[in-house]
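Because the structure is a prediction, the values reported are computed rather than measured.
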Amino acid sequence: MGAQVRVYRRRIRSVRATAKITRAFELIAASRMIKAQQRVAASTPYAEAITRAVSAVASQSGIDHPLTTKHENATRAAVLLITSDRGLAGAYSSNVLKEGESLTAHLRASGFEVLPYIVGRKGLAYYRFRDRFIADEWSGFSESPSYANAKDVADTLIAAFNTPTDDGGIDEIHVVYTQFISMLTQTPVIRRILPLEVEETTEAPAGGAILSYEFEPGAEGVLDALLPRYVEARVYNALLQGAASELAARRRACKSATDNAEELIKTYTRLANAARQADITQEISEIVGGADALAASGSE
Amino acid sequence: MPLKVELVSAERQVWSGEAGFVVARTLDGELGILPGHVPLLGVLAEGFTVRITGGDAGEGVEVATHGGFLSVSDDDVTILAEIAELSSDVDVARARAALERATGAGDDAESESAAARARARLAAAGQSA
């Protein structure tokens, strides 16, 4: 067999091995994604209920709570970035990081000192490689975050928020995550968690005006207990959305990798066939040429 | 008109349906909710259970909650909790083990809240702690 054919065959084998791996990743991501989507859906009732409750308290006039009011001359802002632990997910992590960069630049321009809090090894690697300061980090659960993970992250943020700015506290908490819209669309979004920016209240509550609630024990007490839970729920939702988006992005990235590999295999098979045919043609012409030469020498 | 009760934990909706009467304990004390209750938002006390009776709940559903809230508006009762467990889902042996562990661990705030949690789960399952 000709050397050229051997080279092509080797390339085909190696591309086929890669295709098998990416195909496996694609299938794994697809099956996990269904579960991730279900978890997003299952956590929605709680997120909605707590948002309703928080907006009910926050809309009560005359409540002056540190968690709801904007600090005067706020100077330090936390940015929570939610990235993936593993790669092979297309631009999933880099989109979040890009969005984070623009938020950071924007906050810096308005006079904030920005403290990055990072979830996921990809984000950590990005910051470490650039030798940047990281306020806190978590990793190891990007594909299937539990509520305890969210609590971990939220507790750190709330503790920092409750610390006076001069002692290393923070005045604002922003989160950058990827919103899962559909299997094909996931968009990185920026949300401010604290001070409160109740954004899910686009429609008026049933019955028109916001009802006046009774509080046990007192509006302040309820708010004190409610807001940490609210932050946890927001972080949890962001983590779950991120997980679903990560898996969707990985499925898509691996699918196109598999498709590309199959395309390559097809191309190389054609080239290998052509090379083999060329070898045969050459051999035949050599034999015919040799026979002709022998015949010519014999007839003389 | 019956109450519409929704019981949601952080990770999923645990129970929902119509009921006649809900008894819960907020930080201010025990509280019963019948249809027509004024809008209310309360913080549930640790270590106690919420009881839902009548309607779809039938004989009564007992729930152990941790980090819970109760919100009532317009006959919609929402009980939201970080962790919510129905009495039928409580693993009595595990709850008892958790209680022993927590009471044996000393009396710092963390083990005390763990003990309260375990006690609530046992109470929900109808066992004495």
Side-chain angles (χ1 to χ4, degrees), chain A residues 35 38-60 63 144-151 154-155 205-237 239-240, chain B residues 1 4-17 22-34 36-48 50 63 65-85 109-110 113-114 116-117:
Chain A
K35 211 166 155 208
Q38 282 167 348
R39 293 183 67 197
V40 173
S43 76
T44 309
Y46 182 80
E48 277 175 0
I50 204 153
T51 307
R52 265 203 309 275
V54 169
S55 30
V57 199
S59 59
Q60 297 288 312
I63 291 186
S144 60
S146 71
Y147 194 74
N149 297 136
K151 208 170 153 65
D155 283 352
I210 290 171
L211 300 158
S212 66
Y213 279 83
E214 250 177 41
F215 297 102
E216 285 197 27
E220 298 247 334
V222 171
L223 205 53
D224 273 339
L226 203 51
L227 274 171
R229 296 294 101 75
Y230 174 72
V231 175
E232 282 163 17
R234 288 295 298 273
V235 171
Y236 184 53
N237 184 263
L239 288 177
L240 286 180
Chain B
M1 202 178 104
K4 281 205 283 293
V5 181
E6 249 186 291
L7 173 66
V8 288
S9 78
E11 288 177 359
R12 69 202 172 94
Q13 184 166 42
V14 181
W15 191 87
S16 79
V22 176
V23 184
R25 195 182 184 97
T26 67
L27 293 181
D28 277 358
E30 194 142 85
L31 171 87
I33 294 152
L34 284 167
H37 199 281
V38 292
L40 170 103
L41 197 58
V43 183
L44 295 176
E46 288 291 301
F48 295 92
V50 177
V63 196
T65 59
H66 167 60
F69 298 91
L70 175 78
S71 119
V72 185
S73 65
D74 227 4
D75 287 345
D76 284 332
V77 179
T78 313
I79 300 155
L80 51 157
E82 230 172 87
I83 304 165
E85 238 178 323
E110 196 157 312
S113 88
R117 217 151 55 223

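Interface remark: B/Ser16 contributes no atoms to any contact with chain A (heavy atom separation under 4.5 Å). In this structure, chain B has no heavy atom under 4.5 Å from any part of A/Gln38. Within the 4.5 angstrom heavy-atom criterion, only side-chain atoms of B/Leu31, from C-beta onward, approach chain A. Neither the backbone nor the side chain of A/Ala233 comes within less than 4.5 Å of any heavy atom in chain B. Contact annotation for B/Val43: both backbone and side-chain heavy atoms come within less than 4.5 Å of a heavy atom of chain A. At a 4.5 Å heavy-atom cutoff, the contact between A/Tyr236 and chain B is made by side-chain atoms alone. A/Leu226 touches chain B through backbone and side chain together, each having a heavy atom under 4.5 Å away.
The CZ atom of A/Arg229 lies 4.5 Å from the NZ atom of A/Lys151; values are rounded to the nearest 0.5 Å. A distance of 11.0 Å separates CD of A/Glu232 from CG of A/Leu227, quoted to the nearest 0.5 Å. The distance from atom CZ of A/Phe215 to atom OG1 of B/Thr26, rounded to the nearest 0.5 Å, is 13.0 Å. Distance check: A/Tyr46 OH to B/Leu7 CG gives 11.5 Å after rounding to the nearest 0.5 Å. Annotation: the span from A/Glu48 atom CD to A/Ser43 atom OG amounts to 9.5 Å, rounded to 0.5 Å.
Residue with the most contacts toward chain A among B/Ala10, B/Ala81, B/Ser71: B/Ala10 (heavy-atom pairs, distance under 4.5 Å). Highest contact tally toward chain A, considering only B/Val8, B/Thr78, B/Leu80, B/Leu41, is held by B/Leu41 [criterion: heavy-atom pairs under 4.5 Å].
For the 3.5 Å distance criterion, the side chains of B/Asp76 and B/Ser73 fail to qualify, holding no donor opposite an acceptor.
Scored by the side chain to side chain donor-acceptor pair (under 3.5 Å) test, A/Asn237 finds no partners at all (sequence neighbours excluded).
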